[in-house]
Amino acid sequence: MRMILVGPPGAGKGTQAAKLIDTYKIPHISTGDMLRAAKKAGTEMGKKAAAFMDAGNLVPDEVVIGLVIDRIAESDCKEGFMLDGFPRTRPQAEALDAELTKAGVKLDVVLFIEVPDELIVDRITGRRSDPETGAIYHLQFNPPPADVAGRVVQRKDDTKEACVARLQKYHSETAPIIPFYEEHGLIRRVDGNAAPDEVTARIKAALA
Ligand code: ADP
Ligand code: ADP
């Protein structure tokens, strides 16, 4: 299965991807995770991306497109992949489309997790992650277990200010990819405003 997870920052894309990969057995490709890894490793690309990310701006298309095209060409993506956080702009969607057409394969579904704007800031500012496992928690909605609580970290861009910037970018740059995929009949909408397990059940029903 070749699928895309799309939704505003904090919609629960990463949380749901972690719950879904066991079922669908495809690699989870998060451009946010890849860019953070490049930033941490101090690569040229990571250095270039850092300022954009910290301010809640999008990293330029040419950087992200190359990253994803190389990743989906790897052998573990032959039978499918779950893209999380890509495409995030119309040019990214078009570049992906061109690449898949060239490879003679098609997307199966674009899963759109919908969450109202007024819930986003609380979700983002309370987000924490376990640096050892990458697991995503929330101080209030999904607190880390006692043995993990002491080591969770907060992303640098999970401040209220950067979150508001990201939400604006989401509406101006990312939301326009929805009609693009709607034209291709690929969109499945899922209401993400429920407990995480309930959202997973809704996704599985939408994909069945
Ligand atoms: P969130 O979990 O809030 O949706 P991500 O982890 O997906 O955020 O992305 C974090 C940051 O990485 C973004 O704010 C942006 O700067 C950069 N980024 C990730 N994916 C893309 C992309 N497809 N295009 C441009 N920038 C991206
Ligand atoms: P995204 O990848 O779309 O940016 P995340 O999966 O990182 O979103 O989730 C953002 C924050 O919201 C995290 O702290 C996560 O624990 C929390 N969260 C995810 N799904 C839900 C949900 N259904 N209800 C409440 N909080 C959630």
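At a threshold of 4.5 Å between non-hydrogen side-chain atoms, the residues Tyr137 and Pro143 do not count as touching. At least one side-chain heavy atom of Ile203 sits under 4.5 Å from a side-chain heavy atom of Ile113. Counting only heavy atoms from C-beta outward, the side chains of Leu119 and Pro116 approach each other to under 4.5 Å. Contact check for Thr159 versus Thr125: no side-chain heavy atoms found under the 4.5 Å cut-off. Inter-residue side-chain proximity for Ile4 and Leu111 is flagged as unmet; no heavy-atom pair is nearer than 4.5 Å. In this structure the side chain of Lys106 never reaches within 4.5 angstrom of the side chain of Arg2, judged on heavy atoms. Within the 4.5 Å cutoff, no side-chain heavy atoms of Asp130 are placed close to those of Pro144.
Applying the salt bridge (Lys or Arg N to Asp or Glu O under 4.0 Å) criterion to Lys78, with sequence neighbours excluded, gives no partner residue. In this structure Lys204 satisfies the side chain to side chain contact (heavy atoms under 4.5 Å, CB included) test together with Leu20, Thr23, Tyr24, Thr200, sequence neighbours excluded.
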Checklist entry - Where do Glu114 and Val190 land on the side-chain contact (heavy atoms from CB on, under 4.5 Å) test, with the steps shown first? => result CA-CA 6 Å; Glu114 297 184 277; Val190 170; over 6 Å; no
Next on the checklist: Between Met53 and Arg36, is the side-chain contact (heavy atoms from CB on, under 4.5 Å) condition met? List the steps.
Outcome noted: CA-CA 9 Å; Met53 296 171 74; Arg36 277 186 290 279; 3.7 Å; yes
Next on the checklist: Please evaluate residues Val109 and Leu186 with respect to the criterion side-chain contact (heavy atoms from CB on, under 4.5 Å), reporting the C-alpha separation (whole Å), side-chain torsions for both, the decisive distance (0.1 Å), and the verdict.
Outcome noted: CA-CA 5 Å; Val109 63; Leu186 291 171; 5.7 Å; no
Checklist entry - Can you list the steps and then say if Arg166 with Asp158 is a side-chain contact (heavy atoms from CB on, under 4.5 Å)? => result CA-CA 10 Å; Arg166 269 146 68 205; Asp158 276 352; 3.3 Å; yes
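Summarising the geometry of Ala55 relative to Ala165, their closest heavy-atom pair is O-CB, 3.7 Å, with the distance given to 0.1 Å. When all heavy atoms of Ile120 and Gly10 are compared, the closest pair comes out as CD1-C, 4.3 Å. Here the closest heavy-atom approach between residue Ile136 and residue Gly14 is recorded as CD1-C, 3.6 Å. Listed here is the closest heavy atom pair of Asp76 and Arg71: OD2-NH2, 2.8 Å. Scanning all heavy atoms of the two residues, the minimum distance from Ile69 to Ala95 falls at CD1-O, 4.3 Å. In terms of heavy atoms, Gly12 sits closest to Arg123 at N-NH1, 4.1 Å.
Met34 and Val64 fall within a single hydrophobic cluster, where Ile, Leu, Val, Met, Phe, Trp and Tyr are joined by side-chain heavy atoms under 4.5 Å apart, directly or via other members. Leu100 and Ile187 fall within a single hydrophobic cluster, where Ile, Leu, Val, Met, Phe, Trp and Tyr side chains are chained together by heavy-atom contacts under 4.5 Å. Using a 4.5 Å cut-off between side-chain heavy atoms of Ile, Leu, Val, Met, Phe, Trp and Tyr, with links allowed through other members, Val115 and Phe112 fall into different hydrophobic clusters.
To the nearest 0.5 Å, the span separating CG on Asp61 from CZ on Phe86 amounts to 8.0 Å. From Ile26, atom CD1 reaches atom CE of Met1 across 5.5 Å, with rounding to the nearest 0.5 Å. Between Thr89 atom OG1 and Ile177 atom CD1 the span is 8.0 Å, to the nearest 0.5 Å. With rounding to the nearest 0.5 angstrom, the CG atom of Leu83 is 8.5 Å from the CG atom of Leu5. Taken to the nearest 0.5 Å, the CG atom of Asn57 stands 10.0 Å off from the CD atom of Gln168. From Met3, atom CE reaches atom CD1 of Ile29 across 12.0 Å, with rounding to the nearest 0.5 Å.
Within a 6.0 Å radius of CD in Glu79, no more than 12 heavy atoms belonging to other residues, nucleotides or ligands are found. Counted within 6.0 Å of CD on Glu161, heavy atoms from surrounding residues, nucleotides or ligands total 12 or fewer; the atom is thus considered open.
In summary, of the residues considered (His28, Lys13, Gln16), a side-chain hydrogen bond (donor to acceptor under 3.5 Å, both in side chains) with Asp84 occurs for His28 alone.
Checked for salt-bridge contact, Glu173 and Arg88 miss the test: no charged N lies under 4.0 Å from a carboxylate O. Ion pair Glu44/Lys48 not flagged as a salt bridge, since none of the NZ, NE, NH1 or NH2 atoms sits closer than 4.0 Å to an Asp/Glu carboxylate oxygen. The pair Lys19-Asp197 meets the salt-bridge criterion, with a side-chain N (NZ, NE, NH1 or NH2) lying under 4.0 Å from an Asp/Glu carboxylate O. Under the 4.0 Å criterion applied to side-chain N and carboxylate O atoms, Asp54 and Lys39 are assigned as salt-bridge partners.
With Ser129 contributing its side chain and Pro131 its backbone, the two residues share no donor-acceptor pair below 3.5 Å.
Counting only residues at least two apart or in different chains, ring-ring contact (aromatic ring centres under 6.0 Å, His included) contacts with residues 143-183 comprise Phe180-His184.
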